[in-house]
Amino acid sequence: MQREVDMPRSDPLRPDHTSPLTRRAVVAGCLAAGALPLLGSGPAWATAPELATAWEPTVPGAPDVIDPAYEISPPAPPEPLQKLSAIPSRDVPRLAPHAPSTPGAGKVGGPARTYAGTTSVPFQFRYDDFEIRELPVGIEPYHMSTPVPLVDTGVHDSTGVRMVLLGSTLYNHPVAQAQYGLQLLESHRITGNQVYLDRAKLQAQRLVDRRTLRSGAWFYPYPFNYRLHRLYDFYAAPWYSMMAQGQALSLFTRLHQRTGEANWKAAADATFASFLLPPVAGLPWGVWVVNGLLWLEEYPHPKLIKGDRTYNGHMFSAYGLYDYWVLTKDANAKLLLQGAITTYRDVRDLIRVRHWRSRYCVAHGTDAGSYHTTHINQFMQQYAITGDTFMAQMGDLWYTDYPPAGVKGSIHFSAGSHTGYKFSSTGAITASYTLRLTRSSSAPSADRLKVMGQTGIWYAISAGTLNGYLVREATPARYQIGICAGLGYKLHRPGTIAVATPTAYSIDSAGVMGGVRTTYQVGDPVALDMRAVLNGVEHVRLVEGPYAGRWLGLGTVIRG
């Protein structure tokens, strides 16, 4: 199905048929096995109010208002820790980081300016002239190290295309299809299995078959109604999203790179054209300028020129520009990408919440929930793309504000007294229980988090005597065993030794640490590739030199 809504132009790709849509879906649930506790049994743990996502309120209004709950679902589990940096040694010199950029600086780009001999984009916006780098496999957007299952555990139709089941109805969902297609392409890269590539093409073809045209540009409609954050503006179907546009652009671009097939290049070109259209109320749109900054709008209003200015969706859309630039070296794609990165950098203070999770969007200031972790990782991806150490510094700062979401593990309890607490949404203590141990023990934790109004980091104990309680991280009394909460820097991060002859540590899977006194002196340069928590204490990992692969205490290194 394709629909022309404005100024018909030639369509570079006309598929022979449209894939049928079936209402049948295969829905498979995945249950994770829990660890065996050593502290005995206890009451069931209920999710504390402060851990709830920002999208829990019931939908007001008519019963046909449907929340897609896909963009705003928790991000996927983090990638496993790498042994060392994924950057090939030959690429390390060209990917060397450089001095941080200056927030608020930059030039103005738009129709009055010709960029690299091409017609300029039809927007006036501020942009910093960031270096844009072609990244090696391992640190590019959407990289995976483990393939998705060949037996699809997600919702899909009888043809194998990713769908969403809302109520009792099966719907196409452009972001779901583009994301799954990208996962399948990564799985094909990892395994070489043709099934993954064929299935990725199915996702891409469904997007193509359902496209809407505006002035020759392709848009990918959402076919269901939606109320923004379940609380605000009503979006009657069809509506559109630059997150879908950007992820579809990544999928088409990568399919062409993988297969050499011209139809996917044509699809990428037509999708990129959607980034070059000014907003028009009532027509598909998604790119606009607010306060001099370029926004790739995840939730453009279908009837008005307004949107949510969603932080994570803006950058996921920009990854499509990056992939398209890698393929084509198109000057307008680079300019738009530079503008998008400038926006992400320069609105950070509108999104950041000091010592807490960041906000989801500018328009409503909604709590980002687990998307705080996504924001951190997006800063690190921009650091890789640009080499700008300011991006790495922001990722580190937001990591300090609130730890990565979904960190599970085994908590060591030393002999002695340990008090668990339950809290209200404001951080008031509602219950406590003190456990006294004559010898050390352990129990599983379902998360590592902060509590509103309380200091420190807390573990959500999920089994045993303290099941349902939070206990404060306090090494050596209580800590998660081994390495956890890893944050990969992607590029080698410059650092400077702050303490003479610091100890460099190794750690095994059981959490046993060994140390060696280094020969580093104050002011010596080092290179880092990761930050993580080792037995409850923060460290950074060395990636070059005689101690590569070992860890230094966070306070012993000044990070550039």
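Values below: every heavy atom of this structure, side chains too, minus hydrogens, waters and symmetry copies.
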Self-check item: OG1 on T400 to CG on L487, rounded to 0.5 Å
Solution: 9.5 Å

Exercise. Please work out whether the ring planes of Y142 and Y319 are parallel, tilted or perpendicular, with thresholds of 30° and 60°.
Key: perpendicular

Quiz item: Between L184 and V195, is any pair of side-chain heavy atoms under 4.5 Å apart?
Solution: no

Quiz item: Ignoring hydrogens and geometry, is there a side-chain-to-backbone donor-acceptor pair from Q480 to K408 under 3.5 Å?
Solution: yes

Quiz prompt | Listed once per pair and sorted, the salt bridge (charged side-chain N to carboxylate O under 4.0 Å, His left out) pairs that draw on residues 372-385, sequence neighbours left out | solution = none

Exercise. Evaluate the ring planes of H372 and H375, with Trp represented by its six-membered ring, and classify them as parallel (under 30°), tilted (30 to 60°) or perpendicular (over 60°).
Key: perpendicular

Quiz item: Hey, does Q378 have a side-chain heavy atom less than 4.5 Å from the side chain of M391?
Solution: no

Quiz item: With side chains defined as the heavy atoms from C-beta onward, is the minimum distance between Y489 and T389 less than 4.5 Å?
Solution: no

Quiz item: Between D349 and R352, does at least one N-O distance fall below 4.0 Å, as a salt bridge requires?
Solution: no

Exercise. May I ask you to decide if E298's main-chain N or O and S241's side chain share a donor-acceptor pair within less than 3.5 Å?
Key: yes

Quiz item: At what distance, to the nearest 0.5 angstrom, does CG of L542 lie from CG of D529?
Solution: 8.5 Å

Self-check item: Donor + acceptor pair across side chains of S250, D323 (<3.5 Å)
Solution: yes

Self-check item: Heavy-atom closest contact (Q393 atom, G560 atom, distance)
Solution: NE2-C, 3.4 Å

Exercise. Could you list the residues that satisfy salt bridge (charged side-chain N to carboxylate O under 4.0 Å, His left out) with R448, not counting sequence neighbours?
Key: E473

Exercise. Show your reasoning for whether ring-ring contact (aromatic ring centres under 6.0 Å, His included) applies to W458 and F423.
Key: CA-CA 12 Å; W458 297 78; F423 299 99; 5.1 Å; yes

Exercise. State whether the side chain of Y180 and the backbone N or O of G154 hold a donor-acceptor pair below 3.5 Å, judged by distance alone.
Key: no

Self-check item: Lys/Arg-Asp/Glu bridge criterion (N-O < 4.0 Å) met for D401, K450
Solution: no

Quiz item: Parallel, tilted or perpendicular: which describes the rings of Y344 and H314, with under 30° parallel and over 60° perpendicular?
Solution: parallel

Practice problem: Please assess R162 against D152 for the test salt bridge (charged side-chain N to carboxylate O under 4.0 Å, His left out), listing each intermediate value before the final yes or no. | Solution: CA-CA 9 Å; R162 173 67 75 240; D152 186 8; 2.9 Å; yes

Quiz prompt | Whether S317 side chain and M242 backbone form a donor-acceptor pair below 3.5 Å | solution = yes

Self-check item: 4.5 Å side-chain heavy-atom contact, L552 and I497
Solution: yes

Self-check item: Main-chain N/O of D128 paired to T342 side chain as donor or acceptor, under 3.5 Å
Solution: yes

Quiz item: For M530, does its backbone N or O pair with a side-chain atom of R493 as donor and acceptor, under 3.5 Å?
Solution: no

Self-check item: With sequence neighbours excluded, residues passing salt bridge (charged side-chain N to carboxylate O under 4.0 Å, His left out) with E134
Solution: K329

Quiz item: With sequence neighbours excluded, what pairs up with R550 under the salt bridge (charged side-chain N to carboxylate O under 4.0 Å, His left out) test?
Solution: none

Quiz item: In a check of side chain to side chain contact (heavy atoms under 4.5 Å, CB included) between F130 and each of I385, I341, L337, which one passes?
Solution: I341

Quiz item: Residues two or more places apart in sequence or in another chain: which of them pass side chain to side chain donor-acceptor pair (under 3.5 Å) with S101?
Solution: R345, D388

Quiz item: Would you say the side chain of Y520 lies within less than 4.5 Å of the side chain of Y547, judging by non-hydrogen atoms?
Solution: yes

Quiz item: To the nearest 0.5 Å, what is the distance between CD (E544) and CG (L528)?
Solution: 9.5 Å

Quiz item: So, the side chain of Y322 versus the backbone of R133: is there a donor-acceptor pair under 3.5 Å, distance only?
Solution: yes

Quiz item: Considering all heavy atoms of both residues, which atom of S432 and which atom of Y421 are nearest to each other, and what is their separation?
Solution: CB-CD2, 3.8 Å

Self-check item: side chain to side chain donor-acceptor pair (under 3.5 Å) partners for T455, two or more places apart
Solution: R472

Quiz item: For the side chain of S462 and the backbone of P444, is there at least one donor-acceptor N/O pair under 3.5 Å apart?
Solution: yes

Practice problem: Mind listing the closest non-hydrogen atom pair of T373 and A405 along with its distance? | Solution: OG1-N, 2.8 Å

Self-check item: Ring geometry between Y324 and F272 (parallel below 30°, tilted from 30 to 60°, perpendicular above 60°)
Solution: parallel

Self-check item: Qualifying residue for side chain to side chain donor-acceptor pair (under 3.5 Å) with S85, from R541, K490, H492
Solution: H492

Quiz item: Are any of the side-chain heavy atoms of W295 and T343 separated by less than 4.5 Å?
Solution: yes

Quiz item: What residues, two or more places apart in sequence or in another chain, satisfy salt bridge (charged side-chain N to carboxylate O under 4.0 Å, His left out) together with E538?
Solution: R531

Exercise. Report yes or no: does N535 contribute a side-chain atom to a donor-acceptor pair with the main-chain N or O of G482 at less than 3.5 Å?
Key: yes

Quiz item: Can you tell me how far CD of Q179 sits from CD of Q203, rounded to the nearest 0.5 angstrom?
Solution: 11.5 Å

Quiz item: Y371 and Y311: ring-ring contact (aromatic ring centres under 6.0 Å, His included), yes or no, with the steps?
Solution: CA-CA 9 Å; Y371 268 90; Y311 206 50; over 10 Å; no

Practice problem: Can you tell me which residue pairs pass the salt bridge (charged side-chain N to carboxylate O under 4.0 Å, His left out) test with a partner in residues 510-527, sequence neighbours excluded? | Solution: none

Quiz prompt | Closest non-hydrogen atom pair, Y196 against V148 | solution = OH-O, 2.6 Å

Quiz item: OG/S441 to CD1/I411 distance, rounded to the nearest 0.5 angstrom?
Solution: 12.0 Å

Quiz item: Is there a side-chain contact between L135 and L95 (heavy atoms, below 4.5 Å)?
Solution: yes

Practice problem: Sort and list the pairs that fulfil salt bridge (charged side-chain N to carboxylate O under 4.0 Å, His left out) and have at least one residue in residues 178-196, not counting sequence neighbours. | Solution: E186-R189

Quiz prompt | Charged N-O contact under 4.0 Å between D346 and R126 | solution = yes

Quiz item: On the ring face of F413, is R478 found with NZ or CZ under 6.0 Å from the centre and within 45° of the axis?
Solution: no

Quiz item: Does Q247 reach the main-chain N or O of Q245 with its side chain, forming a donor-acceptor pair under 3.5 Å?
Solution: no

Quiz item: So, do T259 and W264 sit near enough that their side-chain heavy atoms are less than 4.5 Å apart?
Solution: yes

Quiz item: Got a sec, which pairs hit side chain to side chain donor-acceptor pair (under 3.5 Å) with one end in residues 551-560, sequence neighbours left out?
Solution: D396-R559

Practice problem: Give, for atom CG of L182 and atom CD of Q177, the distance between the pair rounded to the nearest 0.5 Å. | Solution: 12.0 Å

Quiz item: Sequence neighbours excluded, which residues qualify as side chain to side chain donor-acceptor pair (under 3.5 Å) partners of T419?
Solution: T434

Quiz item: Can you name the side chain to side chain donor-acceptor pair (under 3.5 Å) partners of Y505, sequence neighbours left out?
Solution: none

